[in-house]
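A short write-up of the structure that comes next.
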There are 2 protein chains.
Amino acid sequence: MTQTAARPADAYPDLYGSNEGGAVGRVTLQTIADQVGVSRMTVSNAFSRPDQLSTELRERVLATAEKLGYAGPDPAARVLARGTTGAVGVLLTESVGTAFQDPIAAAFFGAVAEELAPTGLAVALLPSVGSAAMIPARDIPMDGALVYACAGDLGAVSFLLRRRLPLVFVDQAPVEGASSVLLDDRPGARAAAQHLLDLGHRHVGILTTGFGLPPGVAPDPAEAGTGYVSRERVAGWMSALGPAGVRVTAVNITDNSEEYAAEGIRTMLALPDRPTAVLCFSDLVAWTVEQVAREQGLRIPEDLSVVGYDDSPVARNAQPQLTTVRQDLAAKGRAAATTLTRAIARSRGEAGAPDGPEHVLVPTELVVRGSTGPAPA
Amino acid sequence: MTQTAARPADAYPDLYGSNEGGAVGRVTLQTIADQVGVSRMTVSNAFSRPDQLSTELRERVLATAEKLGYAGPDPAARVLARGTTGAVGVLLTESVGTAFQDPIAAAFFGAVAEELAPTGLAVALLPSVGSAAMIPARDIPMDGALVYACAGDLGAVSFLLRRRLPLVFVDQAPVEGASSVLLDDRPGARAAAQHLLDLGHRHVGILTTGFGLPPGVAPDPAEAGTGYVSRERVAGWMSALGPAGVRVTAVNITDNSEEYAAEGIRTMLALPDRPTAVLCFSDLVAWTVEQVAREQGLRIPEDLSVVGYDDSPVARNAQPQLTTVRQDLAAKGRAAATTLTRAIARSRGEAGAPDGPEHVLVPTELVVRGSTGPAPA
DNA sequence: GATAGCTTCTGTACCGATACAGTAAGCCTC
DNA sequence: GAGGCTTACTGTATCGGTACAGAAGCTATC
């Protein structure tokens, strides 16, 4: 077989047993069973179910395995026979590289992996693309997957669905029957907007992604934007601003990036009658607003109040520090991990598993810092 | 079998074929083969080697598969039969959570995944621990692995070695026979130290991890610290400072964290005769030095020059911006990814693959900003 | 001293695919 | 119209394990 023929049997020569047993070719359970003089099943048990044989025999088996340079049951074969893989996938729309630049996403993945580690589950990052021959969402063995903010990326998601894998949707509306972990964005966003109202602001700017609206038009939360998250945040803001009857100027930005944010805030500040406060989709956007405003000679918060979102590290590095809505990333990660393991348990019909999809809301909280102040007179 | 018995066949009811074919139980290649009236092999080819059968038949097969709600060849079985998994592992010593808090590590993983995506390879994060029943390094199917700064974590590494997996060591000395991707730390560190010498500093502080030395003792690069990286950096610094005959005060910090860095710099500044410049293990440490120095009423760089390492985002957020040694994380990630794919190709004996382990050095470069200045008179 | 209940090991029957060689038919080519 | 290529499909032999139901021997129990 080509796949084994050329495997260089002598890499790392001194780091595994020296193969004194003289085993040629591939060492399998059977090789060891023959050497020790027991059945293959016993060798399997020696590795995977130690309580099924005497310690004495187990040690003889393990010693022989060591001598033959046998690393333990072949993971691929084990996965097939057991029907369980020990890995869960994480699907990302954005290129994985971009996702990791975002401290929010990175911290979330970290928390997920952290929570999963004790269970022995590894996390596989699934690029949503791939070659024709290899589509990770379709071809990687896994026990379940997290679908993370995959706006409209139905290709990869539908592979996961067809495989009937237990799925948890994070920061994104779940498909029917699947679990979800969502940020409870509305109350946080609402509190942020209320905070501005309390400070006397009567004209509020909104700088967000996912709404293709011309400047000056207040976004309608009912109207489907591309992003679930931005929709929720807008809904929260508007739930305070709308009833208050204040003026709202929304500017859509193409992407949650410094560049587009700068473009957006420039547009907004160039309006004949500009808002006195801006609610931003993210801390990154808010941070950019501070930069641009300063360039234009505006003082923050005296001339312009700015509110971010996420309470990411930049919120505290900003000058002045950002008023923002905190999301507890560790909690979100933990929730995602446990919801997924529970969904997996459910798919196996294990006792104690939930009997339907679960939906977790992770709380958000307004954090007031120096970037917001009373409306100018 | 327990593992299939309880799988709820009716999750996501409307998202895959409605199973009108009336197939009961598990749908496999054979099920479809029987329906269509062809051999199982033909169905396999329809999915995996489209050029092996007529388009007409292929479409009939695919349509039947769709109708039966068949998602495609079972990944686990495919992995076993093909001998290739489509995933590579990344082994981390630190808890995965901590690793992701570090923007350097996060950016590196991102770059790796990015580079790997077009090849269809997924990246599996392997926690170094796990339960007894499940040790990722031993039990997850993969084609190769990256070992990332796993100081002394021989447990998990030795599992990878025993499996004879193609391995690439990153930011860490490789084992014999394995490839490596290392930062070319010495020239960068040397340039940083030389920069301080050029500015007239005659007493330089070193704040790093991995050296258990009392304050005031210059670290000996030959002496093994725990961390390969800190050793290299110290070696680079000393290669300039040593010959210059200037005074060096080293303070060891327990961990690359704000807390320990603060403790370290306080110790250093409390010395009767304190250094006029500090070389730091990382930008995070340097950033902390700036904070603490400011608290103590020292001006930077007038009273104290500070040099960071990595050129991470904090270097530019710092006040003043940090003079630092830049490492090209994207390049490091790309190098790690391609070195690994080449090592995998080599293990398969593919044409064009290298015939031995490869060792890549990623260049570093001094970036001078505002945190360094002439030595005080 | 027969029954029951461990502990320890074994035999059989899968798990669900792919590789490779082979066969049969169709199409040229000279 | 025989030999040689293609194209399209099939049969057989794995890939390397695990689950589960025995079976054999040994110790308690009453």
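Proteins come first, then strands; the chains are lettered A, B, ... in the order of their sequence lines, and each starts at number 1.
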When rounded to whole Å, the CD1 to P distance for the pair Ile140(B) and dG17(D) reads 16 Å
Report task. Ignoring backbone atoms, test whether Tyr70(A) places a side-chain nitrogen or oxygen under 4.0 Å from the OP1 or OP2 oxygen of dG16(D). Result -> no
Correct closest heavy-atom pair for Asp143(B) and Gly86(B) would be OD2-N, 2.9 Å
Distances under 3.5 Å only, N/O to N/O: pair up the protein atoms with those of nucleotides 22-28 of chain C.
none

Using the 3.5 Å cut-off, write out each protein N or O paired with an N or O of nucleotides 9-11 of chain C and the distance between them.
unit_1	atom_1	unit_2	atom_2	d
dC9(C)	OP2	Ser54(A)	N	2.8
dC9(C)	OP2	Ser54(A)	OG	3.1
dT10(C)	OP2	Ser39(A)	N	3.0
dT10(C)	OP2	Ser39(A)	OG	3.3
dT10(C)	OP2	Thr42(A)	OG1	2.6

* Asked: Side chains of Thr42(B) and Ser39(B): is there a donor and an acceptor less than 3.5 Å apart?
  -> yes
ask   = Do Ser48(B) and Arg82(B) have side-chain N/O donor and acceptor atoms under 3.5 Å apart?
value = no
Arg26(B) CZ to dA17(C) P, in whole Å, measures 8 Å
Rounded to whole Å, the CZ-P distance (Arg82(A) to dA17(C)) equals 20 Å
Shortest non-hydrogen pair, Tyr148(A) vs Gln172(A), comes out as C-OE1, 4.3 Å
Determine whether the aromatic ring centres of Phe108(B) and Phe100(A) lie less than 6.0 Å apart.
no
Scanning both residues in full, the closest heavy-atom pair of Ala99(B) with Leu92(B) reads CB-CD2, 4.3 Å
Rounded to whole Å, the CG-C1' distance (Leu80(A) to dC15(C)) equals 4 Å
Rounded to whole Å, CG of Asp74(B) lies from C1' of dG16(C) at a distance of 6 Å
Arg49(A) atom CZ is separated from dT18(D) atom C1', nearest whole Å, by 8 Å
For this session: Return yes when atom CG of Asp355(A) has more than 12 non-hydrogen atoms of other residues, nucleotides or ligands closer than 6.0 Å, and no otherwise.
Result: no
Short side-chain N/O contact to dT18(D) OP1/OP2 from Ser48(A), under 4.0 Å
yes
* To do: With the side chain counted from C-beta on, respond yes when Thr31(B) and Tyr70(B) share a heavy-atom pair under 4.5 Å apart, and no when they do not.
  => no
When rounded to whole Å, the CD to P distance for the pair Glu59(A) and dT8(C) reads 13 Å
Closest heavy-atom pair, Ala122(B) versus Leu126(A), reported as atoms and distance to 0.1 Å, is CB-CD2, 4.2 Å
From CG of Leu29(A) across to C1' of dC15(D) the rounded distance in Å is 13 Å
